[in-house]
Amino acid sequence: MSKGLEDVVASTSAITFIDGVRGRLLYRGYDINELAELSNYEEVAYLLLHEHLPKPAELSAFAADLSSKRTLPVGVKSMLASLDTNSDAMDVLEMAIAALGIYDYPVLPLNEKAASICSKIATVVAYLHAHSRGQTPIAPRTDLSHASNFLYMMNGKVPDETAERLMNIVFVLHADHEFNASTFTARVVASTLSDAYSSVTAAVAALKGPLHGGANERVVEMVAEIHSPENVEGYIRARLAKKEKIMGFGHRVYKTDDPRAKIMRKCAEQIATTDSELRELAVLEKVQEFMFKEKGLYPNVDFYSGFVLHHLGMPTELFTPVFAVARSPGWLAHIIEQYSDNRIMRPIAQYTGPTDERYVPLTLRAGKITE
Ligand code: ACO
């Protein structure tokens with residue numbers, strides 16, 4: 001028995017390779033450092049979904065297909081419009097992806113479904129952002145890249161090249177990560193031969209948890225509480241003394257630096273200009289240094305990503321939905337891979353309960369009630 005399935009090899013996969021000892025991450029053989037520097041959302045989504053980097057004609061056809069699929073079905077828009085403006089964003093996202101499965105017709109081939117989900121999930125997040133502020137959602141444009149259009153829908157203006165580049169880096173870094181909890185969830189659901197929308201809905205539900213996608217929100221809250229670098233040691237010491245986890249640290253697979261965190265840190269260093277950004281960055285760097293000294297732990301991708309997302313105009317409560325936008329090509333690639341060589345996921349439990357209980361009729365059980 002391996003608690004939390006640690007080190008359990010649950011299936012084969014040709015999508016993503018993580019070397020947790022050397023801190024390497026490869027998508028279909030390509031190093032994450034190269035992809036983050038040289039590639040973008042469309043290319044990486046294509047790479048994950050279609051198993052090779054696209055040729056120019058393949059890339060333009062894929063990008064055109066994604067942009068043509070951005071508009072939400074009317075039924076989904078009216079469901080979103082009917083919700084309370086203060087609804088939890090991840091709950092709304094789960095509902096919206098499930099609803100896309102109802103309204104996204106005619107029934108599409110799997111590759112088309114994948115493109116549709118990857119494209120529309122960004123529109124859903126922008127839509128729920130506007131809705132939560134009581135504003136009219138900004139309709140997607142078809143002439144912008146995925147990153148640029150997303151920032152346009154979120155912030156109301158077409159981003160400059162630097163912001164578009166930064167958004168692409170965030171998307172590329174989060175696009176896949178082997179059998180993480182949400183991707184594994186998606187594969188379990190797909191393994192029952194349930195559909196892609198249901199599998200992604202389940203993945204979104206798994207991503208919602210603070211041990212997975214929700215960590216960067218907590219990092220931002222922590223930095224605000226710490227406020228300045230001289231408070232770091234006292235704050236972290238007090239938290240560790242209470243056996244609390246420090247968000248944005250530790251990883252099941254990486255035993256060294258998470259390469260994504262290193263890239264995110266570099267981005268943060270490049271974009272920090274205002275006094276408050278420089279102070280927040282100094283707090284983050286001090287926390288990193290102190291956590292290594294005290295616990296030997298390295299930051300994961302969530303540690304610096306909140307800082308970068310704030311800089312791009314994303315509100316804290318939408319960090320996890322933005323993560324879902326970025327991770328959808330990975331989820332879909334894994335769902336497609338699961339279908340291609342499927343066997344239902346059905347592990348067994350090491351039973352620890354009783355084995356010799358005797359049935360007692362209800363009328364004789366009064367004395368057994370404990371709550
Ligand atoms: N803060 C303090 N101590 C930690 C942390 C942390 N963030 N992470 C791990 N540790 C310690 C644990 O207390 C434990 O120590 P012990 O053996 O003395 O009890 C040891 O390191 C192993 O930790 P586990 O929780 O058993 O590691 P696991 O592999 O189960 O969990 C996880 C990995 C969930 C990422 C964990 O490190 C954690 O909770 N981190 C904080 C949440 C976080 O940042 N999540 C984002 C992950 S990345 C992503 O999803 C994109």
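Atoms within a ligand are numbered from 1 in the order they appear, just like the ligands themselves. Worth saying up front: this structure is predicted, and the values here are computed from it rather than measured.
- Remark: of the listed residues N216, L312, L309, L309 is the sole one forming a side chain to side chain contact (heavy atoms under 4.5 Å, CB included) with V322.
- Protein non-hydrogen atoms do not reach within 4.0 Å of atom 26 (O) of ligand 1.
- For atom 32 (C) of ligand 1, the nearest protein heavy atom lies 4.0 Å or farther away.
- Checked by distance only, ligand 1 and L211 come closer than 3.5 Å through their nitrogen or oxygen atoms.
- Taking a cut-off of under 4.0 Å to the non-hydrogen atoms of G248, the atoms of ligand 1 that pass are 43 (C), 44 (O).
- By the definition of a contact as any protein heavy atom under 4.0 Å away, atom 10 (N) of ligand 1 is in contact.
- Taking a cut-off of under 4.0 Å to the non-hydrogen atoms of F249, the atoms of ligand 1 that pass are 6 (C), 7 (N), 8 (N), 37 (O), 38 (C), 40 (N), 41 (C), 44 (O).
- Per-atom contact check: atom 16 (P) of ligand 1 does not touch the protein, criterion being a heavy-atom distance below 4.0 Å.
- Looking at ligand 1, you won't find any N or O of D302 less than 3.5 Å from one of its N or O atoms.
- Judged purely by atom type and a 3.5 angstrom limit, T320 has no side-chain atom pairing as donor or acceptor with the backbone of K208.
- Protein heavy atoms are found less than 4.0 angstrom from atom 40 (N) of ligand 1.
- In this structure, E225 pairs ionically with R239, as a charged nitrogen and a carboxylate oxygen lie closer than 4.0 Å.
- In summary, the atoms of ligand 1 found under 4.0 Å from a heavy atom of A215, numbered by their order in the structure, are 43 (C), 44 (O), 45 (N), 46 (C).
- Residue H212 has at least one N or O atom closer than 3.5 Å to an N or O atom of ligand 1.
- A donor-acceptor pair under 3.5 Å is absent between the side-chain atoms of S119 and the main chain of S116, judged by distance alone.
- Heavy-atom separations between F323 and ligand 1 include at least one value shorter than 4.0 Å.
- Taking all heavy atoms of H177, K245, E244 into account, the minimum distance to atom 8 (N) of ligand 1 is reached by K245.
- Within a 6.0 Å sphere centred on CZ of R24, heavy atoms belonging to other residues, nucleotides or ligands number 12 at most.
- Taking every non-hydrogen atom of V301 and a distance limit under 4.0 Å, the qualifying atoms of ligand 1 come out as 51 (C).
- The aromatic rings of F184 and F179 sit tilted relative to each other, their planes meeting at an angle between 30° and 60°.
- Not a single N or O atom of M291, backbone or side chain, sits closer than 3.5 Å to an N or O atom of ligand 1.
- Distance screen at 4.0 Å: atom 22 (C) of ligand 1 has no protein heavy-atom neighbour inside the cut-off.
- Of all the atoms in ligand 1, the ones that sit under 4.0 Å from a non-hydrogen atom of K295 are 3 (N).
- A cation-pi arrangement, defined by a distance under 6.0 Å to the six-membered ring centre and an angle within 45 degrees of its axis, is absent between R218 and F319.
- The protein reaches atom 49 (C) of ligand 1 closely, with a heavy atom under 4.0 angstrom from it.
- Using bins of under 30°, 30° to 60° and over 60° for the plane-to-plane angle, the ring pair F292/Y298 lands in the tilted bin.
- At a cut-off of 3.5 Å, with distance as the only test, no side-chain donor of D302 or N300 sits close to an acceptor on the other residue.
- Between F171 and F150, the angle of the ring planes lies from 30° to 60°, which puts this pair in the tilted group.
- Comment: E285 engages R265 in a salt bridge, judged by a side-chain N to carboxylate O separation of less than 4.0 angstrom.
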